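The chain is numbered in sequence order, starting from 1. From a predicted model like this one, the values you see are computed outputs, not experimental measurements.
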Amino acid sequence: GVTYYIEVMDYDDPGGGILELYVDFAQSVSNDDFNIPIVISTMPYSLSKDVRGATQAGDDPALTTCNRLPGQASVWYKYTPTLSGELNLDTIGSDYDTMLAVWTGTRGSLALVGCNDDIGDVNGNWDPDSTLTIPLVGGTTYYIEVSNFAGFIDINGASATELQGKPNQSNDNSATS
């Protein structure tokens, strides 16, 4: 086995105080990989799920249309509608900074249909939940990725770390056709 050491330190107020530390194993997540998505078979669909055990696959794609790096802690869903129409997705009520992306294709050859990172300003408060509406073609299989914000793509010579501050002025809600 491997021994891990946890360091807890004071920040900006020397002297400490009362410390409460809780440590537990994160539960594994069944749809943590593109190859094992949760299949959505009926609409409407709603799910509340603890995804703290989710990871990032080495080949999780970047959300280029939204200027975002591949998300951390991605979970995947699969939906094949019988009819054409629009699909409305949101992560409202999540307790972390979510990103939504919808893809078609196969692993390694995915085509981005649309993506969103942050609803944005709501009455003066920044909402890191995501919402997205995309057009659907009946019989086409769509892969829905929900992940944790991981940074912006470096497109102008600035490092991704330098671009981390939100809110972002770039377009972060996009559906492509």
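What you find for Gly71 and Ser147 is that their closest heavy atoms are CA-OG, 3.4 Å. The heavy-atom pair separating Ser84 from Gly138 by the smallest distance is OG-N, 3.0 Å. Shortest non-hydrogen contact noted between Thr42 and Tyr45 is O-CB, 3.7 Å.
For the side chain to side chain donor-acceptor pair (under 3.5 Å) test, residues two or more places apart in sequence or in another chain that qualify with Tyr22 are Asp24. By the salt bridge (Lys or Arg N to Asp or Glu O under 4.0 Å) test, Asp50 pairs with Arg52, sequence neighbours left out. In this view, Asp32 and Thr55 satisfy the side chain to side chain donor-acceptor pair (under 3.5 Å) rule, not counting sequence neighbours.
Atom OG1 of Thr133 is separated from atom CD of Glu86 by 6.0 Å, given to the nearest 0.5 angstrom. Once rounded to the nearest 0.5 Å, the distance linking CD1 of Ile38 with OG of Ser30 reads 4.5 Å. The CG atom of Asp118 sits 7.5 Å away from the CG atom of Asp127 when rounded to the nearest 0.5 Å. Annotation: the span from Ile134 atom CD1 to Leu89 atom CG amounts to 6.0 Å, rounded to 0.5 Å.
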* Would you sort out whether Val51 and Asn31 count as a side chain to side chain contact (heavy atoms under 4.5 Å, CB included), showing the intermediate values? => CA-CA 9 Å; Val51 296; Asn31 58 327; 5.7 Å; no

* Does the side chain to side chain contact (heavy atoms under 4.5 Å, CB included) test come out yes or no for Tyr142 and Val137, once each step is laid out? -> CA-CA 9 Å; Tyr142 296 89; Val137 176; 3.7 Å; yes

* **side chain to side chain contact (heavy atoms under 4.5 Å, CB included) evaluation trace for Lys49 with Ser94** => CA-CA 9 Å; Lys49 184 177 181 91; Ser94 298; over 6 Å; no

* Residues Cys115, Thr65; criterion side chain to side chain contact (heavy atoms under 4.5 Å, CB included); working and verdict -> CA-CA 7 Å; Cys115 55; Thr65 304; 4.1 Å; yes

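Using a 4.5 Å heavy-atom threshold, the side chains of Asp97 and Asn148 count as touching. Side-chain contact between Leu87 and Ile144: present, with at least one pair of heavy atoms (C-beta onward) separated by less than 4.5 Å.
Side chain of Tyr96 to main chain of Pro128: no donor-acceptor pair is present (N/O by atom type, distance under 3.5 Å, no hydrogens or angles). A side-chain donor-acceptor contact under 3.5 Å links Asp129 to the backbone of Gly93. Ser130 places a side-chain N or O within 3.5 Å of a backbone atom of Thr98 that can act as its donor or acceptor partner. At distances below 3.5 Å, not a single donor-acceptor pair connects side-chain atoms of Thr131 with backbone N or O atoms of Ile119.
With side-chain heavy atoms closer than 4.5 Å counting as contact, directly or through intermediates, the hydrophobic cluster containing Tyr4 also holds Val2.
For the residue pair Asp121/Trp126, the side-chain donor-acceptor check at 3.5 Å is not satisfied.
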Please output the side-chain donor-acceptor pairs of residues 74-83 that fall under 3.5 Å, not counting sequence neighbours, one pair per line with the distance.
residue : atom : partner : partner atom : Å
Ser74   : OG   : Asp60   : OD2          : 2.6
Thr80   : OG1  : Thr141  : OG1          : 2.9

Which pairs would a plain distance check flag for residues 99-111, meaning a side-chain donor or acceptor within less than 3.5 Å of a matching protein atom at least two apart in sequence or in another chain?
residue : atom : partner : partner atom : Å
Trp103  : NE1  : Glu145  : OE1          : 3.1
Arg107  : NE   : Asp59   : OD1          : 3.4
Arg107  : NE   : Asp59   : OD2          : 2.7
Arg107  : NH1  : Asp33   : OD1          : 3.4
Arg107  : NH1  : Asp33   : OD2          : 2.6
Arg107  : NH1  : Asn35   : OD1          : 3.4
Arg107  : NH2  : Asp33   : OD1          : 3.0
Arg107  : NH2  : Asp59   : OD1          : 2.9

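A continuous path of ILVMFWY side-chain contacts below 4.5 Å connects Ile92 to Val122, so both sit in one hydrophobic cluster.
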